[in-house]
Structures are given as C-alpha cells and as structure tokens.
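Computed over heavy atoms, backbone and side chain alike; hydrogens, waters and symmetry mates excluded.
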Amino acid sequence: MAEGAAKRHASPTQAISPPPLRRKVTSTATKNSAANFFTPVSQKQPAPITWRVIGTSVIIGKQITGNAVPFTKKPRRIAGFDLDSTLIKTKSGNVFPKSATDWQWWNAKVPTRLRELNAEGFQVVIFSNQKNISTQKDIKGGRSKSKSMSNFTDKMEAVMTELDFPISVYAATTDPKYRKPRLGMWHEFLDDYDLDVTGVDLPASFFVGDAAGRPGDHSAVDRRLAINMGVPFKTPEEFFLGQTTETPAMGFDPMSFVKSDLGEPAKPFTRKHPLELVIFCGSPGAGKSTFYWNHLEPLGYERVNQDLLKTRPKCLKVAREHLEAKKSVAVDNTNADPETRAHWTSLAKEFNVPIRCVQFISTPELCKHNNAVRASNKELNPESRISLPGIAFGDFGRRFRAPTLDEGFDDIIPVEFQFRGSEEAKGLWGQYWV
C-alpha cells in the first residue's frame with residue numbers, strides 16, 4: 001500500500017513526462033523514386049545529363065534524353081561547334097559570365113538550327129576551351145567542385161535542356177593536350193561514341209567557331225581545329241546568318257614545311273677543313289639539334305650544347321678539350337648576338353682553326369610550333385625536351401643580331417627549315433599545335 005501510494009502521490013517538484021505523441025513522419029521519397037530504387041539496374045532510366053572529368057584536363061557533359069539521332073551503320077555526320085560567341089553570349093555584355101544564368105543565345109536562330117541538325121541525323125557536339133574553370137574541389141566553400149565549374153555545368157545543363165535532344169559538350173581547362181586546336185577533345189569524343197570504329201563522314205561534317213583568324217578575332221584556333229579534324233569550317237555569321245565572309249590568310253601553315261621525299265635532298269653542310277669549329281645561330285625550336293644529328297654527327301663533329309652542360313664556361317671548357325684532341329666541334333646553342341658569338345671566335349683564334357656559322361632561318365611561329373610538337377610527341381622528341389615558355393622565343397628575338405663575316409667567320413651557311421620524316425611523323429608534325 002505505502003509503495004503504491006507513494007507512486008500515486010508524487011512530489012510536486014518531480015517531473016512527470018507526458019505520454020509520447022505518435023507524430024506522423026512525412027516521407028521524402030516519391031512513388032517514382034521508390035519504384036526506381038526497386039527497379040533492376042538494367043531497367044533504370046539513366047540520368048538525363050551526366051558529367052565526368054578527366055583529371056584536371058577536360059570536363060565532359062552528355063545529355064542522352066530527347067529526340068535521338070537515328071542509328072545508322074553509315075559513317076556519322078558530325079556538327080561541331082565552339083560555345084562562347086558561337087552558340088551563346090553573356091547577357092551582361094561581359095567577356096566572361098558573372099553567374100550560371102548570365103547567358104543567352106548568340107542569335108535567336110541558333111536553337112532552331114541546332115534542332116534541325118539533330119533531326120537531319122547530325123550528331124551535335126560542342127568543343128570549348130575553358131581555361132578559367134578550375135576542376136578542383138572548393139575546400140573552403142565546402143563544395144564538391146569549384147564555383148567556376150558549378151557555374152559552367154549549371155549553365156550547360158540549362159542550354160542542353162532547352163535544346164532537348166542528345167548533345168555533348170567537351171570543355172578543355174589547362175592541359176594543352178586537350179585544348180584547341182589540338183585533337184585531344186576530338187579523340188575523346190570519337191572514343192566515347194565508338195566513332196573511331198564506325199567512322200565519321202568527314203566531308204559531310206563541319207565545325208563552326210568564332211576564332212577564325214579574322215581581324216579582331218582573338219585567335220584562329222577554331223579554324224585550325226577544323227583543319228586538324230579534316231572537316232569544313234564556317235564562322236557563326238556564315239552558318240547561322242548566311243553571311244559571306246572573306247577567308248583570312250592563315251599565315252603560318254605547317255604543311256608548307258612538309259616536303260615529300262622525291263629523291264635525295266641536296267647536302268646542306270659539308271666539311272671544309274680537317275679541324276674546324278662550327279657554331280649554330282638560331283632560335284629555340286629552329287631545328288638546330290636535329291640538323292646536328294642529321295648532318296654533322298655523321299661527319300664526326302663533337303656536339304657542345306648548353307642545355308646539357310648548363311653554363312657557357314662549361315661549354316667552352318668541353319669545346320677546348322675536343323679541339324685539343326684534334327676533334328672538330330659543333331656548338332649547338334642559340335648564339336643570338338655578336339657578344340655571345342665572340343666567345344667562340346676567340347676560342348677559334350686561340351687554336352688557330354677556322355670558325356664557321358650555320359644560321360637557321362625561321363619565324364617565331366615555326367619555332368613555337370616545333371616546340372609544341374616536340375614536347376607533345378615522344379616519337380618526335382628523342383632527347384625528351386620539355387616545352388619551353390613563350391619568353392624563350394621573345395628573349396631570342398630581342399637579342400638577335402644576324403651574324404656577319406666581319407665577326408671572323410670563314411663562311412655563313414643559311415639553313416631554311418624543312419620537315420622530313422615518315423608518313424606518320426608528317427601527319428603529326430603537319431597538324432596545328434598552337
């Protein structure tokens with residue numbers, strides 16, 4: 001009794017918990033999501049737009065819903081487009097968008113024409129250089145991807161959703177391998193859709209972009225990409241508006257330096273004296289080392305190269321040792337100005353041997369092209385040279401003074417660059433790389 005009474009007459013300060021309420025929990029699952037959860041993987045509907053990133057190099061988005069291109073066993077026709085100032089532009093008028101919503105169609109005709117291409121059986125793809133996008137996570141902001149990448153993917157999802165047909169976008173960030181005019185994005189696209197197997201109808205395909213090399217264009221990378229792909233090129237004004245524009249001169253054309261092997265070329269260099277000192281004069285990327293290996297090394301000249309020996313005093317020391325051993329020397333350096341070349345003319349006087357100069361005639365565009373090809377293709381880079389910064393070419397141009405006989409040279413041999421190699425090597429070297 002006492003125990004029961006004590007339970008019935010609790011102290012007024014003792015907390016009495018109310019009976020728990022049976023609250024209804026609202027489920028966040030929808031009928032569709034629940035059904036999709038229990039649906040076998042093979043029967044699930046794929047996401048309408050998917051994204052993947054290759055390292056820090058290229059962002060790839062694919063929309064797979066909408067009116068698909070009819071399947072055909074024939075080679076596929078590709079309609080390729082640049083993005084900014086070709087398909088879309090900013091609403092704000094800024095060069096770069098302020099947000100994911102800062103975009104509008106470049107012209108009202110663009111979405112209609114793109115849908116027509118899809119209906120005609122073209123596979124539409126976008127190739128865009130986007131150097132300002134970071135593919136790294138935003139650790140500070142607690143985001144799984146950077147704000148610049150989120151803005152880009154959100155914008156592109158809006159663009160692709162409005163078009164409502166299967167379309168893909170490839171956006172190259174910083175890796176030169178993927179950036180236009182190089183073919184990294186194109187090869188990735190071909191692999192993604194097995195077009196490297198089924199084939200592409202190149203004459204019936206095309207690429208449209210605003211970087212056409214016209215006065216006022218920031219570059220010619222779009223026109224050069226089309227040339228590398230082997231497809232016709234049009235500007236946005238030509239393709240969407242039907243305007244006629246004059247094709248600008250492309251300037252540097254790598255194929256103009258590719259010669260077909262019709263017989264043995266004339267020898268550009270012959271030995272004149274039993275013992276002599278030969279120095280090269282030419283920009284980085286002008287073909288000096290290749291010239292040495294092809295023409296002077298077979299004649300027994302010892303090579304002195306500052307890229308390998310690091311300093312001019314070390315180069316002079318090694319050259320002196322070779323001359324003392326009665327071996328002719330080839331100095332494979334840039335030797336841009338008379339002050340630099342004077343070190344070598346003085347050495348020749350010290351040993352009382354003739355000194356000759358081989359001058360490499362080349363443009364900065366050619367040298368930058370050689371630099372890019374060499375760094376990007378192991379088969380064309382036997383010495384594993386790394387890519388040189390642009391300042392290397394500008395520095396040579398500022399210092400360069402053409403060699404003259406008054407400096408003490410026995411002769412000056414001008415050499416104009418011509419690429420020779422296998423058909424595969426010509427195919428690589430003959431592409432645009434910058």
Side-chain angles (χ1 to χ4, degrees), residues 265-364 366-367 370-371 374 382-386 388-389 391-418:
K267 290 184 179 181
F269 181 89
T270 56
R271 181 191 287 270
K272 289 180 62 176
H273 309 93
L275 182 65
E276 58 186 16
L277 177 62
V278 177
I279 72 168
F280 293 169
C281 174
S283 168
K288 299 185 299 298
S289 296
T290 300
F291 187 86
Y292 166 79
W293 291 113
N294 288 342
H295 303 291
L296 276 79
E297 193 273 342
L299 297 176
Y301 289 78
E302 298 292 339
R303 180 180 180 229
V304 171
N305 176 261
Q306 193 164 320
D307 289 339
L308 300 176
L309 297 176
K310 305 306 180 185
T311 66
R312 184 184 300 127
K314 184 69 180 292
C315 290
L316 289 165
K317 177 178 180 294
V318 172
R320 181 176 282 106
E321 292 170 353
H322 288 315
L323 291 173
E324 289 173 346
K326 303 302 180 182
K327 295 179 180 179
S328 293
V329 175
V331 182
D332 179 11
N333 297 335
T334 59
N335 297 311
D337 50 61
E339 293 76 18
T340 303
R341 296 190 289 267
H343 292 282
W344 299 107
T345 53
S346 296
L347 182 64
K349 289 178 181 178
E350 177 184 336
F351 281 85
N352 193 29
V353 296
I355 182 169
R356 307 169 65 192
C357 179
V358 179
Q359 181 182 357
F360 292 81
I361 312 298
S362 57
T363 64
L366 169 62
C367 296
N370 271 334
N371 175 56
R374 180 175 62 193
E383 294 186 322
S384 300
R385 300 284 191 93
I386 62 172
L388 297 172
I391 191 174
F393 306 98
D395 179 64
F396 176 85
R398 285 189 295 272
R399 295 189 300 112
F400 176 68
R401 298 293 182 275
T404 66
L405 294 176
D406 292 341
E407 295 178 49
F409 296 117
D410 194 59
D411 61 356
I412 298 173
I413 305 165
V415 172
E416 295 188 1
F417 181 88
Q418 292 292 338

Colleague: Check whether the ring centres of Phe280 and Phe360 lie less than 6.0 Å apart, and answer yes or no.
Modeller: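 Yes; Phe360 has its ring centre under 6.0 Å from that of Phe280.
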Colleague: Side chain of Ser328, backbone of Glu276: donor and acceptor closer than 3.5 Å?
Modeller: yes
Colleague: Suppose we call two aromatic rings close when their centres sit under 6.0 Å apart. Are Tyr301 and Phe269 close by that rule?
Modeller: yes
Colleague: Walk me through whether Asn370 and Phe417 qualify under side-chain contact (heavy atoms from CB on, under 4.5 Å).
Modeller: CA-CA 10 Å; Asn370 271 334; Phe417 181 88; 3.7 Å; yes
Colleague: Do other residues, nucleotides or ligands put more than 12 heavy atoms under 6.0 Å from Leu405 CG?
Modeller: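 Yes.
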Colleague: Please answer whether the main-chain N or O of Gly408 pairs with a side-chain N or O of Lys349 as donor and acceptor at a distance below 3.5 Å.
Modeller: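 No, Lys349 side chain to Gly408 backbone: no donor-acceptor pair under 3.5 Å.
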Colleague: What is the minimum heavy-atom distance between Ser289 and Arg385, and which atoms define it?
Modeller: OG-NH2, 2.7 Å
Colleague: Treating Thr363 as the side-chain partner and Leu366 as the backbone partner, does any N or O pair qualify as donor plus acceptor under 3.5 Å?
Modeller: yes
Colleague: Which heavy atom of Asp337 sits nearest to which heavy atom of Arg399, and what is that distance?
Modeller: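 Nearest heavy atoms, Asp337 then Arg399: OD2-NH1, 3.1 Å.
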Colleague: Between Glu350 and Arg320, does a salt bridge (Lys or Arg N to Asp or Glu O under 4.0 Å) hold up when you go through it step by step?
Modeller: CA-CA 10 Å; Glu350 177 184 336; Arg320 181 176 282 106; 3.1 Å; yes
Colleague: Going through the checks in order, is the side-chain contact (heavy atoms from CB on, under 4.5 Å) test met by Leu309 and Asn305?
Modeller: CA-CA 6 Å; Leu309 297 176; Asn305 176 261; 6.0 Å; no
Colleague: Could you walk me through whether Ile279 and Val358 pass the side-chain contact (heavy atoms from CB on, under 4.5 Å) test, one step at a time?
Modeller: CA-CA 6 Å; Ile279 72 168; Val358 179; over 6 Å; no
Colleague: Given Asp410, which of Arg356, Arg271, Lys272 fulfils the salt bridge (charged side-chain N to carboxylate O under 4.0 Å, His left out) condition?
Modeller: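 When salt bridge (charged side-chain N to carboxylate O under 4.0 Å, His left out) is applied between Asp410 and each of Arg356, Arg271, Lys272, only Lys272 qualifies.
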Colleague: Kindly indicate, with the supporting measurements, whether the criterion salt bridge (Lys or Arg N to Asp or Glu O under 4.0 Å) is fulfilled by Arg303 and Glu383.
Modeller: CA-CA 14 Å; Arg303 180 180 180 229; Glu383 294 186 322; 2.9 Å; yes
Colleague: Does atom CD of Glu297 have more than 12 heavy-atom neighbours from other groups under 6.0 Å away?
Modeller: yes
Colleague: Any idea which heavy atoms bring Pro414 and Ile412 closest together, and the distance?
Modeller: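 That would be CD-O, 3.4 Å.
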Colleague: Looking at Asp307, is its backbone amide N or carbonyl O close enough to the side chain of Lys310 to form a donor-acceptor pair, meaning the two atoms are under 3.5 Å apart?
Modeller: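 Judged by distance alone, yes, a pair lies under 3.5 Å.
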Colleague: Which pair of non-hydrogen atoms, one from Ser283 and one from Phe396, has the smallest distance, and what is that distance?
Modeller: N-CZ, 3.4 Å
Colleague: For Asn335 and Thr340, which I'm curious about, is there any donor-acceptor pair between the side chains at under 3.5 Å?
Modeller: no
Colleague: Using a 3.5 Å distance criterion without hydrogens, assess whether the side chain of Asn371 forms a donor-acceptor pair with backbone atoms of Leu388.
Modeller: yes
Colleague: Quick one, Ile413 with Val278, criterion side-chain contact (heavy atoms from CB on, under 4.5 Å). Give me CA distance, side-chain angles, the key distance, then yes/no.
Modeller: CA-CA 10 Å; Ile413 305 165; Val278 177; over 6 Å; no
Colleague: Is it the case that Trp344 and Glu407 place a side-chain donor and acceptor less than 3.5 Å from each other?
Modeller: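 Side chains of Trp344 and Glu407: no pair found under 3.5 Å.
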